[in-house]
Amino acid sequence: MQLTEDIRKKITEAVIRESAQLDGIRPEEMLHSVVDYLEGAEPRKDCTTAKMMGHRGVRVDEEIVRRIAIAVVKEAEQLEGVDPEEMLQKVVGSLQGESITEVAPVSNESLLFTGRGVVLEDEICKKISEAVIKEAAQLEGVVPGEAIEKVLTALRAQPTREVASSAAIREMATACPASAKKSAARPASMAGTERINPTKTSYHGYPIAEKGTDPKEVVIGVGPGFQKEIQATICGIPLSEVIREVKAGIEEEGMVPRVVKVLKTSDVCFMGLEAAKISGSGIGIGLQSKGTAVIHQKDLYPLSNLELFPQAPLMNLETYRKIGQNAAKYAKGEQVTPISSVNDPMCRAKYQVKAAIMHIAETEQVDPNYPIIAWSDR
Amino acid sequence: MKRSKRFEALDARPVNLDGYISEWPEMGFVAMHSPYDPKPSIKISGGKIIELDGKARKDFDFIDTFIADHAINIQRAPVSMSIPSLEIARKIVDIHVPRKEILKICSGISPAKMAEVIGHLNVVELMMGMQKMRARLRPFNQAHITNLKDDPVQLAADAAEGALRGFAEEETTMGIARYAPFSAMAILIGSQAGRPGVLTQCSSEEATELDLGIRGLTTYAETVSVYGTEKVFVDGDDTPYSKAFLNSAYASRGLKVRFTSGAGSEVLMGYSEKKSMLYLECRCLYVTKGAGSQGTQNGAISCIAVPASVPSGIREVLGENLVATLLGLECASGNDQSFSNSPARRTTRTLLELMPGTDFIFSGYAAEPNYDNMFAGSNFDAEDFDDYNVLQRDLQVDGGLRPVLEEDVIAVRRKAAKAVQSVFRYLGLTEITDEQVEAVVYAHGSKDTLNRDVPADLIACEDMLKRGITGIDVCRALAETGHEDIAQRVLNMLKQRVVGDYMQTSAVLDENYRVLSAINTPNTYMGPGTGYRLDGERWEEIKDIPHQIDPHNL
């Protein structure tokens with residue numbers, strides 16, 4: 001499509017306006033990218049826009065590529081049958097938005113590296129994901145969840161999804177508060193604004209969660225903003241993956257998970273206790289949208305717990321799975337070895353303000369009229 | 001834009017890893033003054049406060065009611081409220097106005113007026129105020145004693161070393177909450193092995209903490225948290241009245257208690273009601289006073305990165321410490337939580353309390369490496385011991401610690417670890433091997449120690465509670481296994497609960513169990529030549545650091 005001057009001008013304005021709001025995005029580059037996209041041209045290889053992650057607005061600079069590369073090589077070296085060099089090439093290629101022609105899906109259901117017959121089993125995916133999350137969490141301007149998606153997509157040789165509209169970029173940026181500021185550009189002041197999300201989601205008509213009777217049941221109580229206002233934890237792990245792991249952990253131990261959304265409180269201990277109270281086994285898990293979790297039991301004091309995981313930035317999918325497993329073991333009445341404590345004394349410096357903002361976004365959704373509802377996660 | 005190498009270098013500095021946010025009063029991200037803070041006022045009718053800070057009694061929330069009924073001296077209020085805030089601020093820094101007079105004035109002002117007074121003081125004036133208003137004559141320090149494995153042997157050894165290094169109070173907490181009985185017992189034994197008279201507490205869920213206190217496994221409590229808005233109180237399943245009741249429960253058993261509050265908690269909980277952190281903390285401290293607590297642990301505490309993210313936030317933290325002292329409360333002044341990647345920032349933040357001196361400079365200096373600090377990291381840790389000792393020596397200030405000899409530290413660590421080993425055996429708890437004792441004696445942190453059998457420990461913890469084991473059982477176990485000296489010291493700590501003198505404001509015990517408090521050793525500062533002066537034996541002790549050049553040995 002050829003653009004008239006008028007349209008060009010309007011798009012220019014809109015793009016600059018939009019991208020000025022986004023961390024880590026340079027307006028002029030975004031402009032090139034959008035215009036190219038609309039005109040159906042190939043992305044320019046000569047500007048750093050080409051290095052944007054799939055043109056989705058996250059700029060991947062040399063330092064980011066280098067650090068992710070190190071993480072990938074380190075992981076790949078541990079894996080049998082995987083050539084670190086090759087894996088690296090795929091990952092970097094994907095991050096820089098290059099097409100991946102030399103890799104194609106081979107046999108039946110399994111996803112293979114061309115010519116090498118390396119099966120990307122779940123275990124391998126998991127390990128690589130963790131390595132990437134760890135690296136990405138350290139990097140400004142990178143949303144870990146997205147970095148994983150890119151990496152796994154590249155490894156699985158699926159074409160990268162291209163999204164370039166400003167609306168999509170904006171949606172992405174707001175959905176992932178973990179995406180951090182890169183340049184020294186100052187964000188617009190929020191003074192005068194009374195909410196983070198302009199409107200409150202109504203849960204009118206949702207079924208109130210009933211008390212369960214199945215002694216095999218473990219209830220997961222998620223926060224008011226879960227998978228609605230907030231889609232990923234404080235370190236960018238998609239909530240859909242978090243909930244999948246917790247449930248898988250419970251099922252692995254032969255117990256039955258049920259997910260409810262607690263709307264009467266956003267406090268993790270109370271959420272856990274509410275879940276425990278309606279759980280057939282009396283064991284519940286509280287899970288805040290920023291990733292903080294607790295295993296609770298119906299007859300404990302609210303601020304007591306069986307196990308508490310207070311430092312959300314240190315959580316990974318493996319820990320979420322173990323939380324599910326341990327909760328199930330408590331439900332079975334087994335002697336449980338609690339998950340080893342982890343500690344990062346600098347966590348607070350880096351994450352507490354983000355935690356506050358995410359918690360405010362969650363607390364805004366508290367609604368005592370619908371204290372606890374059935375929730376089918378996606 | 002082509003990037004400047006200078007800016008790239010600056011961007012990579014640790015200070016830029018910290019979180020900052022511009023002021024956002026609607027969400028409570030504002031340190032000293034929010035446009036939504038109320039104007040100061042008190043109206044009295046029929047012996048009751050009928051209006052507080054612009055709000056009529058019928059509109060009071062439970063915090064307003066509690067403050068109006070229990071925290072303000074009504075006889076004093078009309079006069080105090082009529083003194084302009086600026087004049088009160090000036091009196092605070094005026095060396096000719098004694099502490100007692102300031103306390104009298106401040107007993108009759110409202111929380112909003114208190115915030116206004118603090119707003120007039122710059123950071124040096126706040127320090128001047130603190131130097132005069134601190135309750136106790138001599139400043140002391142408190143340690144965090146924790147580790148990643150909740151290993152009771154390491155807790156005991158670190159508590160003993162901490163006591164030897166000068167900490168007057170030691171606080172523990174757990175990675176796994178159910179370890180609480182072991183942890184409380186371990187630091188009780190360890191602290192007394194290090195230096196008689198050190199007070200200990202176990203920060204845990206409130207009912208558990210009270211139970212451990214009643215059993216005599218701890219000698220004070222600190223985790224009685226209060227908040228500046230009603231909604232946050234409710235979220236914590238509490239009210240000012242329930243906190244006052246809890247305070248009385250401790251008092252009835254002769255235990256020292258201080259409350260906890262600090263800037264940023266309401267922001268972090270999502271219910272700041274658009275008020276400034278300072279104003280909300282003033283409300284907390286009035287609740288603390290109204291509930292009859294002798295003191296507070298404040299200075300943002302675990303929410304420190306919130307005030308630190310906004311302009312004038314660290315000034316606010318010292319400001320709220322000063323408010324505690326203006327209300328006559330003991331102040332354990334924070335510094336207990338990491339908040340910055342920048343060494344310059346974290347040192348500066350601590351100097352604000354170290355230089356004027358507070359009742360406890362830290363309400364938790366990590367006496368273990370920070371990776372073992374289960375309060376998620378303190379502002380200073382075991383690796384900063386020598387830095388801290390040198391700071392005291394450089395500035396000639398008393399920060400409560402002292403240089404120690406390696407052989408002395410090894411000796412008290414062994415004494416404590418062996419005592420805990422014996423007590424565990426005597427009480428039939430889990431096994432502690434000689435190997436583990438040896439590893440702990442020479443350890444820096446839990447990376448150097450053996451792993452414990454966690455499920456077995458947790459069964460034994462539960463068993464210990466079920467069997468009703470108390471401080472007296474610990475005493476007996478120590479005495480029966482050849483640790484008579486520590487047994488006697490633990491017994492002396494239990495006796496304190498009957499005497500009760502250490503429940504007075506800002507009390508600590510010296511090594512002869514003599515109480516040093518704001519009653520028998522009050523702060524008498526009134527300018528140069530008065531108050532606490534670091535000299536004599538204590539100054540010699542601070543001067544004598546290791547790593548000095550020996551002219552005979554060049």
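By convention in this document, chain letters (A, B, ...) are assigned in the order of the sequence lines, proteins followed by strands, and residues within each chain are numbered from 1.
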| note | Rounded to the nearest 0.5 angstrom, the CG-CD distance for Asn305(A) and Glu205(B) is 9.0 Å

| note | CD1 (Ile360(A)) and CD (Glu26(B)) are apart, to the nearest 0.5 Å, by 11.0 Å

| Leu148(B) versus chain A, the contacting section by heavy-atom distance below 4.5 Å | both

| message | Heavy-atom pairs under 4.5 Å with chain A - which of Ser378(B), Ser302(B), Ser22(B) has more of them than the others? | response | Ser302(B)

| request: Tell me, out of Ser304(A), Ala361(A), Gly192(A), Ser189(A), who's got the most heavy-atom pairs with chain B below 4.5 Å. | output: Gly192(A)

| field | chain A contact via Tyr36(B) - side chain, backbone, both or neither, heavy atoms under 4.5 Å | value | side chain

| said: Quick check: do Tyr20(B) and Val353(A) have side-chain heavy atoms less than 4.5 Å from each other? | reply: no

| Sub-3.5 Å donor-acceptor pair from the side chain of Arg348(A) to the main-chain atoms of Cys303(B), do we have one? | no

| request: Quick one: closest heavy-atom pair of Gln352(A) and Ile304(B), and the distance? | output: OE1-N, 3.7 Å

| task | State, to 0.1 Å, how close Leu268(B) and Ala355(A) come at their nearest heavy-atom pair, and which atoms those are. | result | CD1-C, 4.5 Å

| said: Tell me the closest heavy-atom pair linking Phe339(B) and Ala349(A), and the distance in Å. | reply: O-CB, 3.1 Å

| remark: Under 4.5 Å to a heavy atom of chain A? For Glu206(B) that would be neither

| Which bit of Val454(B) comes within less than 4.5 Å of chain A, counting heavy atoms only: side chain, backbone, both or neither? | side chain

| query | Would the number of heavy atoms belonging to other residues, nucleotides or ligands and lying under 6.0 Å from CZ of Arg195(A) be above 12? | reply | yes

| field | Side-chain (Asn343(A)) to main-chain (Asn147(B)) donor-acceptor, under 3.5 angstrom | value | no

| NZ of Lys447(B): more than 12 outside heavy atoms within 6.0 angstrom? | no

| said: Tell me every residue that passes side-chain contact (heavy atoms from CB on, under 4.5 Å) with Thr348(B), counting only those two or more places apart in sequence or in another chain. | reply: none

| query | Using non-hydrogen atoms only, which part of Asp372(B) is less than 4.5 Å away from chain A: side chain, backbone, both, or neither? | reply | backbone

| request: Would you mind telling me which of Leu458(B), Asp381(B), Asp237(B), Val234(B) has the largest number of heavy-atom pairs within less than 4.5 Å of chain A? | output: Asp237(B)

| Can you check whether Thr363(A) reaches Asp235(B) side chain to side chain, under 4.5 Å on heavy atoms? | no

| Between Lys274(B) and chain A, which part of the residue has a heavy atom less than 4.5 Å away: side chain, backbone, both or neither? | side chain

| task | Would you mind checking which part of Pro455(B) comes under 4.5 Å of any heavy atom in chain A, side chain (CB onward), backbone (N, CA, C, O), both or neither? | result | both

| query | With a 4.5 Å heavy-atom cut-off, do Phe29(B) and Ile357(A) have their side chains touching? | reply | yes

| For atom NZ of Lys298(A), is the number of surrounding heavy atoms from other residues, nucleotides or ligands below 6.0 Å larger than 12? | no

| request: Output the distance between atom NE2 (His359(A)) and atom OH (Tyr271(B)), rounded to the nearest 0.5 Å. | output: 7.0 Å

| query | In terms of heavy-atom pairs under 4.5 Å with chain A, which of Val267(B), Ile459(B), Thr208(B) leads? | reply | Ile459(B)

| note | Output for pair (Asn370(B) CG, Asp344(A) CG), nearest 0.5 Å, gives 9.5 Å

| request: With a 4.5 angstrom heavy-atom cut-off, could you sort out which part of Glu362(A) is near chain B: side chain, backbone, both or neither? | output: neither

| Which heavy atom of Trp24(B) sits nearest a heavy atom of Thr193(A), and at what distance? | NE1-O, 2.9 Å

| task | Using a cut-off of under 4.5 Å on heavy-atom pairs, state which of Gly175(B), Ser340(B), Ser338(B), Gly377(B) scores highest against chain A. | result | Ser338(B)

| request: Identify which of Ala207(B), Pro25(B), Gly28(B) forms the greatest number of heavy-atom pairs closer than 4.5 Å to chain A. | output: Ala207(B)

| Interface residues of residues 326-342 of chain A facing chain B - heavy atom cut-off under 4.5 Å | Tyr330(A), Gln335(A), Val336(A), Thr337(A), Pro338(A), Ser341(A), Val342(A)

